[in-house]
Asker: 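Before anything else, here's the structure in question.
Labels below follow one simple rule: chain letters A, B, ... track the order of the sequence lines, proteins then strands, and each chain is numbered from 1. Not measured: the values here are computed from a predicted model.
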2 protein chains.
Amino acid sequence: MPSTIRDIKERTGLSLATISKYLNGGNVLPENKEKIEEAIKELNYQVNEMARGLVTNKTRSIGVLVHNVASIFCGLLLRYIGDVLKDNGYSMIICDARDDEANQAESIQFLLSKKVDGIIVIPVADKGEFLKPAVSAKVPVVLLDRSLRNCDFDCVRINNREAAYKATNELLKNGHKKNAVIYSAHNYTGLQRYRGFLEALEDAGLTVEKDFDKPGFHSIEHGYESMKQLLALKNKPTGVFTTNYEVTLGAVMAVNESKYSCPEDISIMGFDNLILTHIVQPKMTMVVQPMKEMGQRAANLILKRIAEKDHEPPIEYILGTKIEKGNSIKKLK
Amino acid sequence: MPSTIRDIKERTGLSLATISKYLNGGNVLPENKEKIEEAIKELNYQVNEMARGLVTNKTRSIGVLVHNVASIFCGLLLRYIGDVLKDNGYSMIICDARDDEANQAESIQFLLSKKVDGIIVIPVADKGEFLKPAVSAKVPVVLLDRSLRNCDFDCVRINNREAAYKATNELLKNGHKKNAVIYSAHNYTGLQRYRGFLEALEDAGLTVEKDFDKPGFHSIEHGYESMKQLLALKNKPTGVFTTNYEVTLGAVMAVNESKYSCPEDISIMGFDNLILTHIVQPKMTMVVQPMKEMGQRAANLILKRIAEKDHEPPIEYILGTKIEKGNSIKKLK
DNA sequence: AAAGAAAAGCGAAACGGTTCGCTTGAGTTT
DNA sequence: AAACTCAAGCGAACCGTTTCGCTTTTCTTT
């Protein structure tokens with residue numbers, strides 16, 4: 001039913017090769033160009049991407065594998081990624097790992113079976129084995145937001161350690177000496193932020209108390225439970241560094257439900273300025289990441305890799321963060 | 001590099017036709033079946049979906065066009081849709097309309113150019129013109145969450161009018177006579193909820209005051225601004241029905257920033273029990289939708305339509321809602 | 001004006017599957 | 001044992017592009 005390049009051939013009297021050349025941006029006589037364009041318009045012709053793909057071995061689609069599609073953080077990144085891809089004629093096939101490594105590995109296989117030209121991934125954990133099939137299939141991979149242990153892939157992210165260091169200093173500067181940290185112990189990003197926290201304490205001649213050290217999952221629940229435990233301590237911390245969006249959310253919930261309030265009874269340094277910050281009182285002080293740039297860079301990078309013929313060595317784009325000041329940190333004298 | 005059906009032919013001595021037959025679930029002698037399976041395993045063979053698609057004219061991909069990919073509501077639906085599609089071997093190509101009708105129309109064209117087998121859409125507005133190209137191309141469409149004016153498509157949604165009616169009654173039952181409503185005036189769902197609100201008032205012998213009637217966009221800003229205006233009135237409402245997640249969020253923000261509090265000074269009846277609502281105090285009373293079922297039904301419905309040879313008349317699945325009680329509504333005597 | 005270079009066009013062979021219509025052969029019926 | 005039935009297998013055509021290697025045309029240069 002839909003018209004093909006052969007219909008255009010009939011209509012213009014030109015050969016398939018010439019028409020194909022035109023379609024792919026090759027040079028054609030102005031006269032013929034006009035003929036072809038007219039035919040395309042009249043026949044409402046659209047290239048059959050499948051036929052093209054069969055020859056070129058390209059699908060013009062990119063797989064995007066996220067750790068959790070229902071998180072607002074991912075949603076935003078998806079928007080920016082999708083924009084760039086669509087503008088370049090690429091479709092975005094999404095897979096959701098639901099924070100599970102087995103799902104994640106299966107999703108990579110799925111994407112490869114769909115013959116995507118490249119994959120952008122926000123990994124669940126810090127291990128990279130699940131990406132081996134992509135490497136064997138020579139499908140380029142770009143990591144986003146989270147790197148991996150012994151990472152040998154392109155990656156777009158922030159300097160997590162430094163950001164955490166700066167954030168912790170914000171607590172220290174305000175006189176907080178008893179600081180807790182709530183973090184994800186299962187991915188590279190979480191661990192790096194934890195290290196930044198420790199380094200800042202160390203440089204200030206402090207250490208973290210055992211009860212104040214809260215590793216766990218990247219989840220609202222973890223933030224919630226940890227903050228509850230912290231508030232129940234006899235010897236409570238005065239400051240808490242919550243190292244990602246979900247954990248910050250959970251921690252705020254816990255404070256809200258308690259008899260304590262922020263920043264009077266407990267100060268919080270948060271992460272990721274998403275909608276949360278606007279609806280809670282007081283306004284949170286937090287580390288903000290350049291989400292838009294992260295998404296766009298990741299998309300552009302994967303497109304670049306696809307276009308390259310040679311296999312270039314991996315690049316890391318490390319973007320800057322800033323601290324947005326609110327009123328969630330009390331100044332201690 | 002990757003092996004083809006021809007490699008299997010060499011290895012087994014069978015014909016292409018037979019192997020293809022096996023791949024598509026046809027009957028083959030047990031002996032040959034074994035040979036083929038062995039060859040597939042050893043050669044690590046995977047069907048080339050593009051070659052298959054060229055013949056069958058199917059891509060095994062579904063376009064999902066959402067009004068706003070960064071909303072947590074959409075994110076959740078995407079998760080449930082994606083699960084069903086992947087289990088059936090279909091990939092999910094996502095487009096984000098960014099709440100803009102022009103983007104939405106362009107995205108449909110994009111999806112059609114990608115030759116998706118079907119489209120699931122959460123429309124931006126209540127007009128359906130943008131779907132015409134899909135109809136002409138005979139690509140099935142399933143609407144999700146929001147219907148359209150003069151709708152002639154399959155649709156999976158809740159009974160918005162009834163849900164709003166029940167919700168409003170919750171305010172009325174608690175003695176509220178001065179009720180405001182904040183809603184989206186740009187999509188079918190919002191308008192239906194508004195009607196349900198009006199009907200409930202009417203049945204109680206009440207009407208809505210002009211100042212209490214707040215149409216606008218489906219956005220946090222709209223909820224925020226409207227609530228601010230309501231709180232600034234000399235003659236304030238005692239109850240407010242916020243008819244979607246974003247608007248509820250914004251309204252809560254506005255109350256939090258004001259000198260008033262909920263439910264002492266103003267009662268709120270909200271919509272959509274998503275995670276953010278847990279972080280605000282008091283716990284909200286709200287209408288909850290069966291998100292999982294909505295996503296799954298939509299996905300299964302589109303798959304069913306694709307499988308059907310004849311063009312069956314459209315179906316509407318109208319799912320039930322329930323009210324989750326919190327403490328955001330004060331009992332007036 | 002002839003020779004040479006560059007640009008544009010062409011035919012045909014891929015790409016990797018599915019499917020149509022026919023042949024083969026085993027099993028069943030009379 | 002001949003005739004018939006039915007399952008399984010096969011060859012070849014086809015899906016709609018791209019691309020290779022060649023020919024033709026046009027433009028420069030001397």
Side-chain angles (χ1 to χ4, degrees), chain A residues 1-37 39-40 43-61 89 112-117 137-138 306-307 309, chain B residues 1-37 39-40 43-61 89 112-117 137-138 306-307 309:
Chain A
M1 199 67 185
S3 57
T4 77
I5 207 175
R6 279 188 176 76
D7 298 327
I8 298 188
K9 171 188 156 128
E10 298 308 322
R11 205 150 175 128
T12 58
L14 296 165
S15 76
L16 296 184
T18 304
I19 298 163
S20 172
K21 192 180 184 187
Y22 165 83
L23 289 174
N24 291 287
N27 274 331
V28 165
L29 286 182
E31 176 197 343
N32 292 335
K33 182 176 161 181
E34 207 167 303
K35 273 194 208 161
I36 297 177
E37 280 170 355
I40 287 181
L43 293 167
N44 192 22
Y45 169 80
Q46 283 190 316
V47 213
N48 182 324
E49 295 273 2
M50 269 179 303
R52 171 182 277 173
L54 182 56
V55 180
T56 60
N57 209 19
K58 295 261 174 286
T59 52
R60 294 215 197 200
S61 68
L112 292 174
S113 84
K114 288 295 179 180
K115 299 260 186 286
V116 294
D117 295 345
K138 296 212 167 68
I306 289 169
K309 38 204 146 287
Chain B
M1 198 69 184
S3 57
T4 78
I5 205 175
R6 280 181 176 80
D7 298 327
I8 299 188
K9 170 186 157 133
E10 298 309 323
R11 204 152 178 124
T12 59
L14 296 166
S15 76
L16 297 182
T18 304
I19 299 164
S20 172
K21 193 179 183 186
Y22 164 82
L23 289 173
N24 291 287
N27 272 332
V28 165
L29 285 183
E31 176 198 343
N32 292 334
K33 183 177 160 182
E34 207 167 304
K35 273 194 209 160
I36 297 177
E37 281 169 354
I40 287 181
L43 294 167
N44 192 21
Y45 170 79
Q46 282 191 316
V47 207
N48 181 324
E49 293 276 0
M50 269 181 302
R52 172 183 275 173
L54 182 57
V55 180
T56 60
N57 211 20
K58 295 262 176 284
T59 53
R60 295 217 198 196
S61 67
L112 293 175
S113 83
K114 289 293 177 180
K115 300 260 185 288
V116 293
D117 295 345
K138 296 211 166 69
I306 288 168
K309 39 202 146 289

Asker: So, the side chain of B:K35 versus the backbone of B:G13: is there a donor-acceptor pair under 3.5 Å, distance only?
Answerer: no
Asker: Across the strands shown, which category fits A:Q46 at heavy-atom distances under 4.0 angstrom: base, sugar-phosphate, nothing?
Answerer: sugar-phosphate
Asker: Quick one: bend of the helix from C:dA1-D:dT30 to C:dT30-D:dA1 from 5 pairs per end, to 10°?
Answerer: 30°
Asker: If you pin B:V47 and A:L16 to their nearest nucleotides in DNA chain C, which one's is more 5'?
Answerer: A:L16
Asker: By a strict heavy-atom criterion of less than 4.0 Å, which residues belonging to residues 48-61 of chain A are in contact with DNA chain C?
Answerer: A:L54, A:V55
Asker: Run the side chain to side chain donor-acceptor pair (under 3.5 Å) test against B:Y45 and tell me which residues pass, sequence neighbours left out.
Answerer: none
Asker: Going by side chain to side chain donor-acceptor pair (under 3.5 Å), name the pairs with one or both residues in residues 47-60 of chain B, residues two or more places apart or in two chains.
Answerer: B:T59-B:S61, B:T59-B:D117
Asker: List for me each residue that meets side chain to side chain donor-acceptor pair (under 3.5 Å) alongside B:T12, sequence neighbours excluded, and say none if there are none.
Answerer: none
Asker: Hey, where on DNA chain C does chain A first and last touch, going 5' to 3'? Cut-off is any atom under 4.0 Å from a heavy atom.
Answerer: C:dA8 to C:dG16
Asker: How far apart are the closest heavy atoms of B:A51 and A:L54, and which atoms are they?
Answerer: CB-CD1, 3.5 Å
Asker: Restricting to side chain to side chain donor-acceptor pair (under 3.5 Å), what partner residues turn up for B:S113, sequence neighbours left out?
Answerer: none
Asker: Pick the nucleotide of DNA chain D nearest each of A:R6 and A:L29; which residue has the one closer to the 5' end?
Answerer: A:R6
Asker: Using whole Å, what does the distance between atom P of nucleotide D:dT19 and atom CG of A:N24 come to?
Answerer: 7 Å
Asker: Can you name the side-chain contact (heavy atoms from CB on, under 4.5 Å) partners of A:A137, sequence neighbours left out?
Answerer: A:L112, A:V139
Asker: How close or far is atom C1' of D:dG9 from atom NZ of B:K35, stated in whole angstroms?
Answerer: 12 Å
Asker: What's B:T4 touching, base or sugar-phosphate or nothing? Going by heavy atoms closer than 4.0 Å.
Answerer: sugar-phosphate
Asker: Nearest 0.5 Å, please: how far is CG in A:L23 from CD1 in A:I36?
Answerer: 7.0 Å
Asker: Under 4.0 Å between any heavy atoms, over every strand shown, what does A:Y22 touch: base, sugar-phosphate, or nothing? Just pick one.
Answerer: nothing
Asker: Determine which pairs satisfy salt bridge (Lys or Arg N to Asp or Glu O under 4.0 Å) with at least one residue from residues 7-34 of chain A, sequence neighbours left out, and list them in order.
Answerer: A:R11-A:E42
Asker: In whole angstrom, what separates B:K33's NZ from D:dA7's P?
Answerer: 18 Å
Asker: Find the distance A:I5:CD1 to D:dC15:C1' and express it as a whole number of Å.
Answerer: 13 Å
Asker: Checking the side chain of A:N24 only, and the main-chain atoms of A:S20 only, is there a donor and an acceptor separated by less than 3.5 Å?
Answerer: yes
Asker: Rounded to the nearest Å, what distance is computed from the NZ atom of residue A:K21 to the P atom of nucleotide D:dT18?
Answerer: 13 Å
Asker: So, taking the atom named CD1 in A:I5 and the one named CD1 in A:I40, what distance separates them when rounded to the nearest 0.5 Å?
Answerer: 8.5 Å
Asker: If I take atom CG in residue B:L14 and atom P in nucleotide D:dG11, what distance separates them, rounded to the nearest angstrom?
Answerer: 10 Å
